[in-house]
> 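For reference, the structure I am asking about is given below.
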Protein chains: 4
Amino acid sequence: MAGVNKVILLGNLGADPEVRHLEGDKVVANLRLATTETYKDRNGNRVENTEWHDLEVWDGLARIAEQYLKKGSKIFVEGKIKSDTWQDEQGNNRKKIRIRVQNFTMVDSRNADQGTSAPSQSYTGQSSPVNTGNGDSGLDSDEADDLPF
Amino acid sequence: MAGVNKVILLGNLGADPEVRHLEGDKVVANLRLATTETYKDRNGNRVENTEWHDLEVWDGLARIAEQYLKKGSKIFVEGKIKSDTWQDEQGNNRKKIRIRVQNFTMVDSRNADQGTSAPSQSYTGQSSPVNTGNGDSGLDSDEADDLPF
Amino acid sequence: MAGVNKVILLGNLGADPEVRHLEGDKVVANLRLATTETYKDRNGNRVENTEWHDLEVWDGLARIAEQYLKKGSKIFVEGKIKSDTWQDEQGNNRKKIRIRVQNFTMVDSRNADQGTSAPSQSYTGQSSPVNTGNGDSGLDSDEADDLPF
Amino acid sequence: MAGVNKVILLGNLGADPEVRHLEGDKVVANLRLATTETYKDRNGNRVENTEWHDLEVWDGLARIAEQYLKKGSKIFVEGKIKSDTWQDEQGNNRKKIRIRVQNFTMVDSRNADQGTSAPSQSYTGQSSPVNTGNGDSGLDSDEADDLPF
DNA sequence: TTTT
DNA sequence: TTTT
């Protein structure tokens, strides 16, 4: 059966995006994202717990990430879990999990405004008119090549 | 700022889809979806609570809904909240909320198998390669016209 | 069958919370939340579309909302769709949809820091068995006595 | 700042739950969940891609999983990403990611009905203040005594 | 008006 | 390695 594999994150980048431009116009950006939760333990002390996520962004979104995101940027991310498996030098099976980003939104527009030609409005990675079933307006569907600013 | 407006539902259709074919190849399907939660009240009695949702599906997804969904179908839905506002005959401002479906997945393939040429595999409304940032394989992006079966 | 009814929003409050303290230590806060999406239309013009959501927050979370949220606050919200139905004066069946908030997170802590004793850490509302998957009435949460700061 | 770390999955168990009863009334169940997506490649061939997820369920939910889930069960899951890190024998830093389950819903109740005393109503796991937004240790949930049936 |  |  068809299933669902969805990840929703809101956090800050621990480093600038690492971007590789591949052959055939393909681009991939790797991001490190921290999501921090705070809670009180049973003694009433505040505890902070941070999880680090490896994000992978492709093509049009990667170009946007390269241009507008940097260390510290706060983003909302939608994606899916994707594992890579391989054998290491000792012949052990290894597995690494990444979040394949389907879209992201810059939440903290202060970052977008500093030292760049970025817009005052932050960016929302948009769903395409194809899968939004968007009957409103017939948006063109080439957002991948069509930076939103 | 760019925001997020996302709805995730899992439930059953209360009726067959109502489909209208509009000019210019546009299609809209309206669905009634029930999501039922059960819990125990403070007396330990099981209580069942059903919420009914008005869903709106467009174009390619609407055609799939028309073909494969019917009363009782169990589906997983992703969409967004969308309100229509108007004035009624008394001049009162009125507002109606619908869920604009962005994709859906048939969960209960039993329905798909009964009395139809439906596939044994249920359908997953797929994100487009544009917004999945899909670097895997370069899927063509015309799913809207490209029924998945 | 048990279903799923989940809403995820990220946006800004259009007004200060409206809070009512009810009998029996119950508190309800009503919030107006705007989620804005921007996209380019077929002519390449940026279009901005805002959806307004009516949120309902109860008890412990309502007290936190009262204390820390105000007009303009940016929050991430998790909740469920909940409809109220009634008959109006003309005898018409009426229905109003609200988002019952299950937890929220302050995203823009700049708001929290202005003119209040708010913490330097923003708050993440936590789910509880009481306010999650819950019937309307009869919440007897202890969140009220357990503010997270 | 407080962040968001949320995972939503819908899929089938690849094996029966592995349950360990720990000291102090604690229980943990490990589940293997497959989420399958299907799409057409550029040649129009249907491609099926399955991702396997390691789920970790604690205490009350673990007991429910033990009792009602088995190989093949279809479930909807809500949880968060959680990584364990350690050094292997070669002194390499290793990391393993699991999904900490916050609640789950049995979607295909046919499984629940076969060869067991399972209820005709399927179960929706409810969030609790204990297992939500929670640190690892020190759960002292009372879910164990409060099975929802 | 669904489902179990 | 982020953020407040």
Side-chain angles (χ1 to χ4, degrees), chain A residues 9-18 30-38 46 48-55 69-77 107-108 110-111, chain B residues 9-18 30-38 46 48-55 69-77 107-108 110-111, chain C residues 1-5 68 74 76 83 85 105-114 118-124 149, chain D residues 1-5 68 74 76 83 85 93 105-114 118-124 148-149:
Chain A
L9 304 172
L10 175 59
N12 298 282
L13 296 189
D16 290 345
E18 291 187 3
N30 290 286
L31 310 177
R32 289 280 285 168
L33 184 77
T35 57
T36 301
E37 58 176 339
T38 57
R46 171 180 289 266
E48 191 168 278
N49 192 38
T50 294
E51 184 72 37
W52 286 96
H53 309 270
D54 288 304
L55 311 186
L69 300 184
K70 59 172 188 288
K71 183 175 175 174
S73 294
K74 187 192 300 298
I75 59 174
F76 175 90
V77 172
V107 173
D108 189 351
R110 284 174 299 178
N111 290 302
Chain B
L9 303 172
L10 174 59
N12 299 281
L13 295 190
D16 290 343
E18 291 186 3
N30 289 286
L31 311 176
R32 288 280 286 169
L33 184 79
T35 57
T36 300
E37 60 177 338
T38 56
R46 172 180 287 266
E48 191 168 277
N49 192 38
T50 294
E51 184 72 36
W52 286 96
H53 309 271
D54 289 303
L55 311 185
L69 300 184
K70 60 173 187 289
K71 181 175 175 175
S73 295
K74 189 191 298 297
I75 59 174
F76 174 90
V77 171
V107 173
D108 188 350
R110 285 174 298 179
N111 290 301
Chain C
M1 184 215 61
V4 174
N5 173 357
Y68 296 109
K74 188 191 299 297
F76 174 90
S83 60
T85 55
T105 300
M106 291 186 62
V107 173
D108 189 351
S109 53
R110 285 173 299 180
N111 290 303
D113 289 338
Q114 294 166 353
S120 59
Q121 294 293 75
S122 64
Y123 168 68
T124 300
F149 311 114
Chain D
M1 184 214 62
V4 173
N5 172 358
Y68 296 109
K74 188 191 300 297
F76 174 91
S83 60
T85 55
N93 289 320
T105 301
M106 292 185 61
V107 172
D108 189 351
S109 52
R110 286 173 297 179
N111 290 303
D113 289 337
Q114 294 165 352
S120 58
Q121 294 291 76
S122 62
Y123 169 67
T124 300
F149 311 114

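Residue numbers begin at 1 in each chain, while the letters A, B, ... track the order of the sequences.
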> Verify, without hydrogens or angle tests, whether Asp16(B) (side chain) and Lys71(B) (backbone) share a donor-acceptor contact under 3.5 angstrom.
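It does hold such a pair.
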> Within this structure, what is the CG-to-P distance between Asp54(A) and dT2(F), rounded to whole angstrom?
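Rounded to whole Å, this separation is 16 Å.
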> My understanding is that only residues two or more places apart in sequence, or in another chain, count here; which of them pass side-chain hydrogen bond (donor to acceptor under 3.5 Å, both in side chains) with Asp54(A)?
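Asp54(A) satisfies side-chain hydrogen bond (donor to acceptor under 3.5 Å, both in side chains) with Arg32(A), Lys96(A) once adjacent residues are dropped.
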> Please state how far atom CG in Leu31(B) lies from atom C1' in dT2(E), giving the value in whole angstrom units.
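To the nearest whole Å, that distance equals 12 Å.
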> Take Leu9(B) and His53(B), measure what side chain to side chain contact (heavy atoms under 4.5 Å, CB included) needs, and give me the verdict at the end.
CA-CA 9 Å; Leu9(B) 303 172; His53(B) 309 271; 3.8 Å; yes
> How many Å lie between CD on Glu51(A) and P on dT3(F), as a whole number?
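Distance check: Glu51(A) CD to dT3(F) P gives 18 Å.
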> Within the modelled atom types, does a donor on one side and an acceptor on the other bring the side chain of Thr50(A) and the base of dT3(F) under 3.5 Å apart?
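Answer no: no donor N or O sits under 3.5 Å from an acceptor.
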> CG of Leu69(B) versus C1' of dT2(E): gap in Å, rounded?
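Whole-Å distance recorded here is 13 Å.
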> In whole angstrom, give the distance that lies between atom NZ of Lys70(B) and atom P of dT3(E).
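My rounded result for the distance is 10 Å.
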> Measure the shortest side-chain to side-chain distance between Leu31(A) and Val77(A) over non-hydrogen atoms and say whether it is less than 4.5 angstrom.
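SC-SC contact between Leu31(A) and Val77(A) ruled out.
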> Could you give the CG-to-P distance, from Leu13(B) to dT2(E), as a whole number of Å?
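In whole Å, dT2(E) P lies 11 Å from Leu13(B) CG.
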> How many Å lie between CD1 on Ile75(B) and P on dT3(E), as a whole number?
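That distance rounds to 13 Å.
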> How close or far is atom C1' of dT2(F) from atom CD of Glu48(A), stated in whole angstroms?
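Nearest whole value for this atom pair: 10 Å.
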